[in-house]
Asks: 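Just passing along the structure, written as structure tokens.
Everything numeric in this text was worked out from a predicted model, so none of it was measured.
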Amino acid sequence: MPVDVSVTDGVAEITLNRPEARNAIDAEMRERLHEAWRRVGSDPEIRVALVTGAGTKAFCAGADLKRTMPPQESFAQLTFNSTRSQHLLTGMNTDKPIICAINGYAIGGGLEMALACDIRLASTNAELGLAEVRHGTIPGGGGTQHLPRAVPQSLAMQMLLTGDRINAAKALESGLVSEVETPEGLLPRAREMANRIARNGPLAVRAIKRVVREGMAMPLASALQFEQFVWGNLRDTEDRVEGRRAFAEGRVPQFKGR
Ligand SMILES: CCCCCCCCCCCCC/C=C/C(=O)SCCNC(=O)CCNC(=O)[C@H](O)C(C)(C)COP(=O)(O)OP(=O)(O)OC[C@H]1O[C@@H](n2cnc3c(N)ncnc32)[C@H](O)[C@@H]1OP(=O)(O)O
């Protein structure tokens with residue numbers, strides 16, 4: 001299968017599995033990814049998602065450049081496809097946190113997928129770039145908007161206009177990724193982080209993702225009001241009571257998500 005999904009202790013691990021094509025996204029992988037993101041969003045047992053690539057060379061080399069494009073895609077069909085391409089990423093708009101373990105090349109749609117995630121970790125051999133301009137097009141999966149929001153605009157424009165890749169060190173320095181690990185250490189680190197998030201209050205975890213993502217698009221005053229509103233909604237939850245009770249009793253809280 002071009003996409004493997006395994007769920008353990010509330011963590012859904014999604015692996016892009018076409019290493020022979022540097023995990024490039026063809027039509028079948030796109031459909032399986034849609035299914036995976038739908039499962040993450042709908043399965044109450046899943047609290048966190050972790051996405052990575054099979055093999056040691058690439059997270060994802062982007063859209064499959066060898067796929068045959070129908071010669072005369074109607075505009076409606078193109079719109080549908082672009083919508084669905086967008087959906088590959090917007091489908092990730094679950095309110096559950098997604099960690100991306102970038103285990104090698106993340107290019108084009110591969111970097112766009114990583115940019116749609118909440119936490120990005122990279123291995124020392126990773127290289128990240130948006131090559132679309134070299135193919136006579138522009139990123140179609142959110143890259144022109146997410147990259148300048150993730151790194152300084154000058155670096156984003158340099159990457160977009162040249163199609164150049166940056167290495168893991170530059171990605172860390174620019175804040176595109178939050179940590180760099182050895183190839184052997186990347187997945188264990190990502191899994192450890194995912195498991196710690198999965199043990200936190202699930203309502204609070206999802207509220208944090210929502211408040212940050214939606215608040216960033218608001219004026220500061222409105223965003224602070226939004227935070228207060230969401231904080232108030234959590235005040236009377238069983239999880240908040242359990243958190244305080246567990247601290248007082250010196251034990252690990254058992255959150256139920258209500
Ligand atoms: C209806 C279908 C829908 C499809 C999907 C739609 C949704 C997609 C998500 C949303 C996307 C929006 C728009 C996105 C656009 C893009 O992503 S454009 C593509 C951008 N990517 C690239 O330009 C990368 C091209 N590849 C490379 O530069 C290099 O391969 C590499 C990644 C740097 C790796 O180099 P190296 O390790 O030297 O390996 P290679 O020998 O080059 O490659 C190994 C084999 O893998 C094949 N391959 C690599 N990349 C792709 C690819 N993108 N598409 C198809 N195949 C790829 C390569 O051809 C080799 O194959 P073999 O020759 O058969 O061994």
Side-chain angles (χ1 to χ4, degrees), residues 1-26 28-41 43 45-64 88-89 91-94 96-130 141-143 146-147 150 165-169 171-172 176-198 205 209:
M1 289 284 276
V3 175
D4 291 331
V5 181
S6 63
V7 180
T8 311
D9 297 335
V11 177
E13 189 166 312
I14 298 166
T15 305
L16 309 182
N17 188 23
R18 290 186 72 210
E20 72 286 353
R22 298 298 181 263
N23 300 321
I25 304 169
D26 63 5
E28 189 190 0
M29 181 187 278
R30 185 192 62 203
E31 292 311 313
R32 299 290 84 75
L33 277 170
H34 289 179
E35 290 165 9
W37 298 126
R38 277 196 295 271
R39 179 177 173 190
V40 167
D43 184 341
E45 293 306 309
I46 296 174
R47 294 185 172 183
V48 187
L50 162 55
V51 61
T52 192
T56 58
K57 292 281 185 70
F59 165 63
C60 176
D64 189 323
L88 169 70
L89 306 174
M92 298 169 69
N93 268 355
T94 168
K96 298 173 185 175
I98 307 173
I99 298 172
C100 187
I102 304 171
N103 59 303
Y105 294 110
I107 301 176
L111 178 52
E112 292 180 293
M113 201 183 306
L115 284 163
C117 295
D118 301 289
I119 298 172
R120 285 174 293 279
L121 314 177
S123 56
T124 47
N125 63 311
E127 292 187 31
L128 302 82
L130 292 175
H146 288 148
L147 186 62
R165 300 194 288 265
I166 61 173
N167 62 24
L172 181 65
L176 185 50
V177 302
S178 50
E179 288 185 12
V180 173
E181 301 286 345
T182 62
E184 307 71 31
L186 177 69
L187 203 46
R189 171 63 178 148
R191 286 170 175 160
E192 185 267 335
M193 189 181 290
N195 287 325
R196 284 197 288 120
I197 294 172
V205 165
K209 176 164 177 175

Asks: Could you go step by step and tell me if L187 and N103 meet the side-chain contact (heavy atoms from CB on, under 4.5 Å) rule?
Replies: CA-CA 8 Å; L187 203 46; N103 59 303; over 6 Å; no

Asks: Decide yes or no on salt bridge (Lys or Arg N to Asp or Glu O under 4.0 Å) for E192 and R196, but give the supporting numbers first.
Replies: CA-CA 6 Å; E192 185 267 335; R196 284 197 288 120; 2.5 Å; yes

Asks: Locate the shortest heavy-atom distance separating L33 from M113; write the atom from each residue and the value.
Replies: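 Here L33 and M113 meet closest at CD1-CE, 3.9 Å.
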
Asks: Rounded to the nearest 0.5 Å, how far apart are CE of M1 and CZ of R32?
Replies: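 Spacing of CE (M1) from CZ (R32) equals 5.5 Å.
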
Asks: Do C117 and I99 make a side-chain contact, defined as non-hydrogen atoms from C-beta onward lying under 4.5 Å apart?
Replies: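 Of all side-chain heavy-atom pairs linking I99 with C117, none is under 4.5 Å.
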
Asks: Identify the two heavy atoms, one from P183 and one from T124, that lie closest to each other, and give their separation to 0.1 Å.
Replies: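 Closest pair (atom of P183, atom of T124, distance): CD-OG1, 3.3 Å.
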
Asks: Does a side-chain heavy-atom distance below 4.5 Å link R191 with T8?
Replies: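 The answer is no; the side chains never approach within 4.5 Å.
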
Asks: Rounded to the nearest 0.5 Å, what separates atom CG in L111 from atom CG in L130?
Replies: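 Here the rounded value is 4.5 Å.
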
Asks: Indicate yes or no: at least one non-hydrogen side-chain atom of M29 is less than 4.5 angstrom from one of L16.
Replies: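 The answer is yes, as the side chains (C-beta and beyond) meet within the 4.5 Å cut-off.
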
Asks: State, yes or no, whether a side-chain contact exists between F59 and V51 at a heavy-atom distance under 4.5 Å.
Replies: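 With C-beta onward as the side chain, the pair touches.
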
Asks: Are N125 and S123 linked by a side-chain donor-acceptor pair shorter than 3.5 Å?
Replies: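 Short answer, yes.
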
Asks: Verify, without hydrogens or angle tests, whether K96 (side chain) and A49 (backbone) share a donor-acceptor contact under 3.5 angstrom.
Replies: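 No, the answer is negative, given that no donor and acceptor are paired below the 3.5 Å cut-off.
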
Asks: Nearest 0.5 Å, what's the CG-CD1 distance between D118 and I197?
Replies: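 Output value for this atom pair is 8.5 Å.
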
Asks: Are L128 and V177 side-chain neighbours, meaning at least one heavy-atom pair lies under 4.5 Å?
Replies: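 L128 reaches V177 side chain to side chain.
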
Asks: Give the minimum heavy-atom separation between A101 and T52, together with the two atoms involved.
Replies: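 Taking every non-hydrogen atom into account, O-OG1, 2.8 Å.
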
Asks: State plainly whether the residues E35 and R39 are in salt-bridge range, i.e. N to O under 4.0 Å.
Replies: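 Looking at R39 together with E35, the answer is no, because their closest N to O distance does not fall below 4.0 Å.
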
Asks: If we only count heavy atoms from C-beta on, is the I98 to I14 side-chain gap below 4.5 Å?
Replies: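 Result no, sub-4.5 Å side-chain heavy-atom pair not found.
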
Asks: What do the steps show when you test V48 against V205 for side-chain contact (heavy atoms from CB on, under 4.5 Å), and what is the final call?
Replies: CA-CA 9 Å; V48 187; V205 165; 5.6 Å; no

Asks: What distance separates R120 CZ from S178 OG, expressed to the nearest 0.5 Å?
Replies: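 R120 CZ to S178 OG: 8.0 Å, rounded to 0.5 Å.
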
Asks: Measure from the side-chain N and O atoms of R47 to the backbone N and O of G10, and report whether any donor-acceptor pair falls under 3.5 Å.
Replies: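 No.
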
Asks: Can you name the closest pair of heavy atoms from V40 and A12 and give their distance?
Replies: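 Smallest heavy-atom distance, with atoms named: CG2-CB, 4.1 Å.
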
Asks: I'd like to know if the side chain of D64 and the backbone of A24 have a donor-acceptor N/O pair within less than 3.5 Å.
Replies: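 Not confirmed, D64 side chain does not pair with A24 backbone.
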
Asks: Is it the case that more than 12 heavy atoms not belonging to D4 sit under 6.0 Å from its CG atom?
Replies: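 Yes, CG of D4 has more than 12 neighbouring heavy atoms, counting only those of other groups under 6.0 Å.
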
Asks: Atom CD in E112, atom CD1 in I107: separation rounded to 0.5 Å?
Replies: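 Nearest 0.5 Å value for the CD-CD1 distance: 12.0 Å.
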
Asks: Identify the heavy atoms of E181 and G185 that sit nearest to each other, and give their distance.
Replies: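 Smallest interatomic distance, heavy atoms only, reads CB-C, 3.9 Å.
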
Asks: Look only at the side chain of T15 and the backbone of N17, and say whether a donor-acceptor pair between them is shorter than 3.5 Å.
Replies: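 No; judged by distance alone, with no hydrogens or angles, the pair does not exist.
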
Asks: Please name the pair of heavy atoms, one in N23 and one in C60, separated by the smallest distance, quoted to 0.1 Å.
Replies: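 Heavy atoms of N23 and C60 come nearest at O-SG, 3.2 Å.
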
Asks: To the nearest 0.5 Å, how far apart are CD in E127 and CG in N167?
Replies: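 Those atoms lie 7.0 Å apart.
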
Asks: Is atom NZ of K209 surrounded by more than 12 heavy atoms (other residues, nucleotides or ligands) closer than 6.0 Å?
Replies: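 Atom NZ in K209 is crowded, with more than 12 foreign heavy atoms closer than 6.0 Å.
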
